[in-house]
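A short write-up of the structure that comes next.
The chains referred to below are lettered A, B, ... by the order of the sequence lines, with proteins before strands, and numbering in each begins at 1.
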Number of protein chains: 2
Amino acid sequence: MTAERPTVALVAQRAGVSVASVSRVLNGLPAGAATREKVERAAAELGYRPNVFARSLKVRRSQQLALAVADVGNPVYVEMMRAIEDEARGSGYRLLVSSTGGRSDDTLALLDSLSSGYADGLLLSPVRVDDTLVEALRRVSFPAVVIGTIPRSVPLDNVRANSAGGVRLALEHLHARGRRRIAFLNGPSDTVPGSARRRAFERTARTLGLDPAPELRIEAGDFTLGEGRKAAEILLERTLPDAVLGGNDLLAIATMQVLTERGLRIPDDVAVVGMDDTELAGVTSPALTSVDLGAHERGRTAARLLLARLTDPAREVQRVAVQPTLTVRDSS
Amino acid sequence: MTAERPTVALVAQRAGVSVASVSRVLNGLPAGAATREKVERAAAELGYRPNVFARSLKVRRSQQLALAVADVGNPVYVEMMRAIEDEARGSGYRLLVSSTGGRSDDTLALLDSLSSGYADGLLLSPVRVDDTLVEALRRVSFPAVVIGTIPRSVPLDNVRANSAGGVRLALEHLHARGRRRIAFLNGPSDTVPGSARRRAFERTARTLGLDPAPELRIEAGDFTLGEGRKAAEILLERTLPDAVLGGNDLLAIATMQVLTERGLRIPDDVAVVGMDDTELAGVTSPALTSVDLGAHERGRTAARLLLARLTDPAREVQRVAVQPTLTVRDSS
DNA sequence: CTGAAAGCGCTTACAG
DNA sequence: CTGAAAGCGCTTACAG
């Protein structure tokens, strides 16, 4: 097992050519047919595999892309990840996935280690963005694209969801269905999506003339099922809305469960709408109406922006917004 | 931004010492206090970051571990991944995650690229294991551990769940609750867990004297919510069991949804039990009784086995089985 | 088309 | 404790 790994030198010796020729053949560069044949045979016989570090050291590229997401357990990131992996693989890059756990210092630590060059580029989807992170992002010296909303002072390619548009879509839909006491079970408002969605909710609620009662607003400790349940119980303890908008699908699904446990009918008594339109939305019962914020498209677009920047580091910074769509199902 | 990256040579020059000394200080090897101080200052001033490829080329280690799982969207893998990431990070390794999509040739392609050495070791959780894969695993020439059941002819460290024991636990529980017409909504039996669970079900059902009717057995196209729903509809179309065991939590949850839609009460009319005891089990309504197959422990154990083998490649091959536990909740 | 040689940025015996 | 030098396995001008 600890057999010496064959190197270009060994292949060259066996093929009776120079290492330069071996390298050329193996990289598909112009070479004589005879040389090509000898090298390929020798490489196959020896089971030669190039040493990626030697190659990377020389060409200064790793063919690796890093992806940092807040929570690998959230289906919306899984969706995004799949799109990114497809693009990356299609262009010959491996994808390194790290879960930063939503804390901004984990993200910082990752940025730091990225500086050691083990990846050629970074896709970053931070959930909390504080001044320190913004400052670090402004100094980033390698290709990176941010998935999510960041200040314009950060000179990085960026693809963002239109949370505000999504909230509006959801509320207009519920309004059209005659709902007026619409509760908002949001995620933490110290996160970027949480605060964006909160502002959008307030604004749209006012425009539509919805019940402004503060007891209709509640914030879960995190964008998870568990925290969603807790928040839903508190909400229903203090008031009964005629509809609930969840800050994401997980929060909406948690709400549906608590409603069902209390014997309330969905959507008859309370309509429920989620955000992200994850895979889960289609399989709950009733199936969950949800706003698709374009996770798949955001992932794909971000990956493409990164690949483009890798090719042309000098290209102009792009900021792309992906528009939301509403999928109405049985929960509303 | 394309500023020249500082190298050890540059740090050495600025510190007025040799590159050897720089390397020693930066790697925490013995060095004089004065030297140490000069090097650390120079490195800090230059914002020096070591080139990981040069280092890996020299020391022949990448400090990367690769993890290949069948489906990053399945919460049981997320659980496993978290445990592995903790262990890996704790030992100074980065974790590269790849999703192989459950096809055995994807796994093969990964094994192949691993041979280029970009990771020091591999954690592999294949869902389908055919002869080609077994053959490839027998030839693997780098440290690898398999999470899941594989033939003993494969000389790799291995940690497996006790699916059979888990199925038995679930059935004995349902039997004790007076259920006799227990259906089994399994995943594909051309997968390793699928076939193991199927055999265990047949055996235990016989032992316990359960209704052996073949219409009580059904196989979903995959271990997912979507396929689970389809299978559950077919099952309930043809018969009404008094309990359903799902091949994993997703299949059990899908079953609960279909049952609820049809106005059946859980557990009064039909009890439901899942396997894996994922995060989801605690938050469905009713909460799902589920068999914990030790995903977290399997992940942790596998990571430790791999780290141990990295340290001592000659150590004896270990095969560890993780025992299941049953968590009874409201669905049964 | 092909080969000899330099060099990517590190680490590590080997002397002193 | 410290430095000069070799070498890890590649790629790529540079000659021929």
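Atom C1' of nucleotide C/dC10 and atom CG of B/L26 are separated by 11 Å, given to the nearest angstrom. Put simply, CG on A/L57 is 14 Å from C1' on D/dT12, counting in whole angstrom units. As a whole-Å value, the separation of A/L46 CG from D/dC10 P is 12 Å. In this structure, B/L10 places its CG atom 13 Å from P of C/dC8, rounding to the nearest Å. Between the CZ atom of B/R49 and the C1' atom of C/dC8 there is a distance of 19 Å, given to the nearest Å. Going from atom CG of A/L29 over to atom P of D/dA13 covers 11 Å, rounded to whole Å. Straight-line distance from the CG atom of A/N51 to the C1' atom of D/dG7: 13 Å, rounded to whole Å. Distance, B/R61 CZ to C/dT12 P: 8 Å, rounded to whole Å.
Remark: C/dA4 base-pairs with no nucleotide in the shown strands. Criterion, Watson-Crick or G-U wobble with two distances under 3.5 Å. Base pairing of D/dA13 is not made with any nucleotide, judged by Watson-Crick or G-U wobble geometry with both donor-acceptor distances under 3.5 Å.
A sub-4.0 Å separation between OP1 or OP2 of D/dG9 and a side-chain N or O of B/R60 is present. The phosphate of D/dT11 has OP1 or OP2 within less than 4.0 Å of a side-chain N or O from A/N27. For the pair A/T7 and D/dG9, the criterion of a side-chain N or O lying under 4.0 Å from OP1 or OP2 is not met. In this structure, B/S21 does not reach the D/dT2 phosphate: none of its side-chain N or O atoms is under 4.0 Å from OP1 or OP2. The side chain of A/S23 contributes no N or O atom lying less than 4.0 Å from OP1 or OP2 of D/dC10. Not one side-chain nitrogen or oxygen of B/R36 sits closer than 4.0 Å to the OP1 or OP2 atom of D/dC1.
Between B/S56 and B/R61, the shortest heavy-atom distance links the atoms OG-O, 2.7 Å.
Atom-to-atom distance recorded for A/S98:OG and B/L96:CG is 8.5 Å, nearest 0.5 angstrom. Atoms CZ and OG, from B/R24 and B/S18 in turn, are 6.0 Å apart once rounded to the nearest 0.5 Å.
If you check every strand for non-hydrogen atoms under 4.0 Å, A/A31 touches sugar and phosphate atoms only. A/T35 comes within 4.0 angstrom of the backbone, heavy atoms only, and of no base.
Considering only the side chain of B/V19, C/dT11 comes nearest among C/dT11, D/dG3, D/dT11. Closest to the side chain of A/R55, from the set D/dT11, D/dG3, D/dT12, is D/dT11.
No more than 12 heavy atoms of other residues, nucleotides or ligands sit less than 6.0 Å from atom CG of A/D131. Taking a 6.0 Å sphere around CZ of A/R315, one finds it holds more than 12 heavy atoms contributed by other residues, nucleotides or ligands.
Taking only distance into account, the side chain of B/K58 never meets the base of C/dG9 through a donor-acceptor pair shorter than 3.5 Å. With hydrogens and angles ignored, a donor-acceptor pair closer than 3.5 Å exists between the side chain of B/R24 and the base of D/dG3.
Checked by atom type and distance alone, the side chain of A/R309 never pairs as donor or acceptor with a backbone atom of A/L156 at under 3.5 Å.
If B/A54 and A/G32 are placed on DNA chain C by their nearest nucleotide, the residue sitting closer to the 5' end is A/G32.
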